[in-house]
Amino acid sequence: MFLWFLECRVDICIVEVGLGGALDATNVLEQPLACVFTSIGIDHEAILGNSLEEIATHKAGILKKYGNAVISHQNETSAFQSLVYQCKNNKVNYVCSGVAQIKESVDHSSKHMLVEYTTKTLMTTYEVECPLQGDFQLINLACALDVIDLLKANHKDLFLIPTTAVSLGCSKTTWPGRLEWVEATGLGRILVDGAHNPAAAQALSDYLGNFIATQLSHVEGSFHVHWIFGATKGKCIDKIIPILLKSLADGLNPKQGRIKSDISLVGFSQPDEMPWICSWPTDILHSKLLELPDVHFDKIQQFSTISDALETLKVEHPNLPDNHHLVVVTGSLYLVADLFRFLDPAKAHIH
């Protein structure tokens with residue numbers, strides 16, 4: 001990877017850590033311009049630990065003595081405190097990012113939010129369009145803006161980034177498979193989100209809860225959510241599924257009887273050259289769902305592929321799309337990749 005960057009003579013590399021930090025293969029850079037920590041949640045417990053403190057400590061392993069870091073807003077104090085402790089222990093110059101504020105109210109069908117944020121280093125006030133869905137993107141956006149201004153402050157001659165360029169970059173940002181609405185023939189717009197851990201499931205649940213509440217205020221009769229779910233073997237289904245279903249209940253008690261929910265359990269394609277990754281078998285997923293207390297679906301079905309699940313949905317609900325139904329594909333980014341390949345065979349290269 002680094003040889004390819006060198007051969008391409010790139011101006012700057014943004015290197016995403018694969019797993020954790022301290023022991024990850026990407027952690028060979030001796031003097032990164034900045035180490036960036038986005039929101040930390042419980043994931044990969046078998047390797048990183050079962051607590052946010054342990055996971056944050058693992059991730060802080062990318063810090064370099066006397067280096068620079070940006071810590072995004074953390075929903076859990078324990079994760080934030082662990083990162084700050086490791087920064088201080090390594091004498092790192094660190095910035096604690098905040099949350100951007102929405103300036104223009106938008107509904108969930110809008111393609112953008114107009115937001116404002118004042119950075120912590122240069123105190124630059126940015127007013128930018130954010131085309132990404134979900135309140136958590138206000139945290140991500142603020143973090144990105146703080147990284148830009150940290151680089152501008154520390155390397156004035158290297159990073160001559162005008163505010164107009166930052167605004168343009170924000171407005172053109174895309175994030176496939178993360179709270180993304182895509183068109184599917186015979187089904188209309190479906191919501192796609194690769195939520196594969198409790199924190200990501202909570203973000204999807206929060207977004208769905210608001211969306212469904214809005215829909216219920218505009219339609220008569222029942223509202224039907226069709227989940228298409230697949231997950232990597234080892235993921236904590238017992239935590240993810242209940243969080244997702246909270247989106248159908250929280251704040252909707254007077255209208256809860258109007259909401260129906262079914263789920264199609266599917267596997268995903270084996271990723272190339274990654275034999276350690278595989279999907280939960282659908283029969284095991286089914287058994288796990290039946291064991292969960294207070295989890296109810298009107299119907300549970302199993303399919304070998306996401307294409308089978310989608311085609312069956314078209315047959316069972318020939319009147320789709322309409323305002324009374326919502327299809328949600330979630331549980332794994334590998335499953336999302338299968339969806340994209342099915343919807344557009346030209347994307348067969350996506351893994």
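In this text the structure is predicted, and so the values were computed from the model without any measurement. Just so it is clear, the values below take in all heavy atoms, side chains as well, and ignore hydrogens, waters and symmetry mates.
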Backbone of [Y] reached by a side-chain donor or acceptor of [X] within 3.5 Å:
X    : Y    : result
Y126 : A142 : no
K152 : I161 : yes
Q101 : V99  : yes
T214 : N210 : yes
E7   : W4   : no
D308 : F303 : no
S167 : V128 : no
E180 : D193 : no
Q202 : A199 : no

Within the structure provided, determine whether [X] and [Y] are in side-chain contact (heavy-atom separation under 4.5 Å).
X    : Y    : value
L168 : T164 : no
E127 : Y117 : no
H224 : D262 : yes
S51  : I55  : no
L339 : I190 : yes
F136 : S39  : no
L313 : L187 : yes
K314 : L320 : no

Which one of I240, V328, V266 satisfies the side-chain contact (heavy atoms from CB on, under 4.5 Å) criterion with F229?
->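 Of I240, V328, V266, side-chain contact (heavy atoms from CB on, under 4.5 Å) with F229 is met by I240 alone.
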
Rounded to the nearest 0.5 Å, how far does [atom2] of [Y] lie from [atom1] of [X]?
X    : Y    : atom1 : atom2 : answer
I62  : L23  : CD1   : CG    : 13.0 Å
H324 : K260 : NE2   : NZ    : 11.5 Å
C236 : H196 : SG    : NE2   : 10.0 Å
L145 : C170 : CG    : SG    : 5.0 Å
L114 : S171 : CG    : OG    : 11.0 Å
L150 : L122 : CG    : CG    : 8.5 Å

Return the orientation label for the F2 and F5 ring planes: parallel under 30°, perpendicular over 60°, tilted otherwise.
-> perpendicular

Evaluate side chain to side chain contact (heavy atoms under 4.5 Å, CB included) for T330 paired with L191, printing each intermediate quantity in order.
-> CA-CA 8 Å; T330 189; L191 181 60; over 6 Å; no

Are E76 and I40 close enough, and set up right, to give a side chain to side chain contact (heavy atoms under 4.5 Å, CB included), and what steps lead you there?
-> CA-CA 8 Å; E76 300 293 337; I40 292 177; over 6 Å; no

Side-chain donor-acceptor distances from residues 26-38 under 3.5 Å, at least two apart:
{"residue": "T26", "atom": "OG1", "partner": "D24", "partner atom": "OD2", "Å": "2.6"}
{"residue": "N27", "atom": "OD1", "partner": "K64", "partner atom": "NZ", "Å": "2.7"}
{"residue": "N27", "atom": "ND2", "partner": "G21", "partner atom": "O", "Å": "3.3"}
{"residue": "N27", "atom": "ND2", "partner": "A22", "partner atom": "O", "Å": "3.4"}
{"residue": "N27", "atom": "ND2", "partner": "G61", "partner atom": "O", "Å": "3.1"}

Transitively linked via ILVMFWY side-chain contacts under 4.5 Å: [X] with [Y]?
X    : Y    : value
Y334 : W276 : yes
F211 : I243 : no
L151 : L158 : yes
I102 : I139 : yes
L138 : V70  : yes

Apply side chain to side chain contact (heavy atoms under 4.5 Å, CB included) to the pair V336 and S332, showing each step before the final yes or no.
-> CA-CA 6 Å; V336 170; S332 169; over 6 Å; no

Mind listing the closest non-hydrogen atom pair of [X] and [Y] along with its distance?
X    : Y    : value
P242 : V295 : CG-CG2, 4.2 Å
L335 : G230 : CD2-N, 3.4 Å
L244 : S205 : O-OG, 3.9 Å
S72  : S97  : CA-CB, 3.9 Å
G194 : L333 : CA-CD2, 3.7 Å
G98  : K120 : N-CE, 4.0 Å

Judged by modelled atom types alone, do [X] and [Y] share a side-chain donor-acceptor pair under 3.5 Å?
X    : Y    : value
D338 : S269 : yes
S264 : W227 : no
H226 : H325 : yes
Q133 : Y207 : yes
T305 : S307 : yes

Salt bridge (charged side-chain N to carboxylate O under 4.0 Å, His left out) partners for [X], two or more places apart:
X    : answer
K233 : none
E316 : K299
D146 : none

Which pairs of donor and acceptor atoms, one on a side chain in residues 81-94, lie under 3.5 Å apart (sequence neighbours left out)?
{"residue": "S82", "atom": "OG", "partner": "S78", "partner atom": "O", "Å": "3.1"}
{"residue": "N90", "atom": "ND2", "partner": "Q86", "partner atom": "O", "Å": "2.8"}
{"residue": "N93", "atom": "ND2", "partner": "N68", "partner atom": "OD1", "Å": "2.8"}

Neighbour count above 12 (heavy atom, 6.0 Å) for D322 CG =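 More than 12 heavy atoms, drawn from other residues, nucleotides or ligands, come within 6.0 Å of this atom.
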
Take atom CD1 of I12 as the centre, draw a 6.0 Å sphere, and report whether it contains more than 12 heavy atoms from other residues, nucleotides or ligands.
->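 Yes, enclosed.
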
Side-chain donor-acceptor pairs under 3.5 Å in residues 279-293, sequence neighbours left out?
{"residue": "S279", "atom": "OG", "partner": "F268", "partner atom": "N", "Å": "3.4"}
{"residue": "W280", "atom": "NE1", "partner": "T232", "partner atom": "O", "Å": "3.3"}
{"residue": "W280", "atom": "NE1", "partner": "K235", "partner atom": "O", "Å": "3.3"}
{"residue": "T282", "atom": "OG1", "partner": "Q302", "partner atom": "OE1", "Å": "3.0"}
{"residue": "H286", "atom": "ND1", "partner": "Q302", "partner atom": "NE2", "Å": "3.0"}
{"residue": "S287", "atom": "OG", "partner": "D283", "partner atom": "O", "Å": "3.1"}

Could you give me the CA-CA distance, side-chain angles and deciding distance for L265 and I263, then say whether side chain to side chain contact (heavy atoms under 4.5 Å, CB included) is met?
-> CA-CA 6 Å; L265 304 173; I263 188 167; 3.8 Å; yes

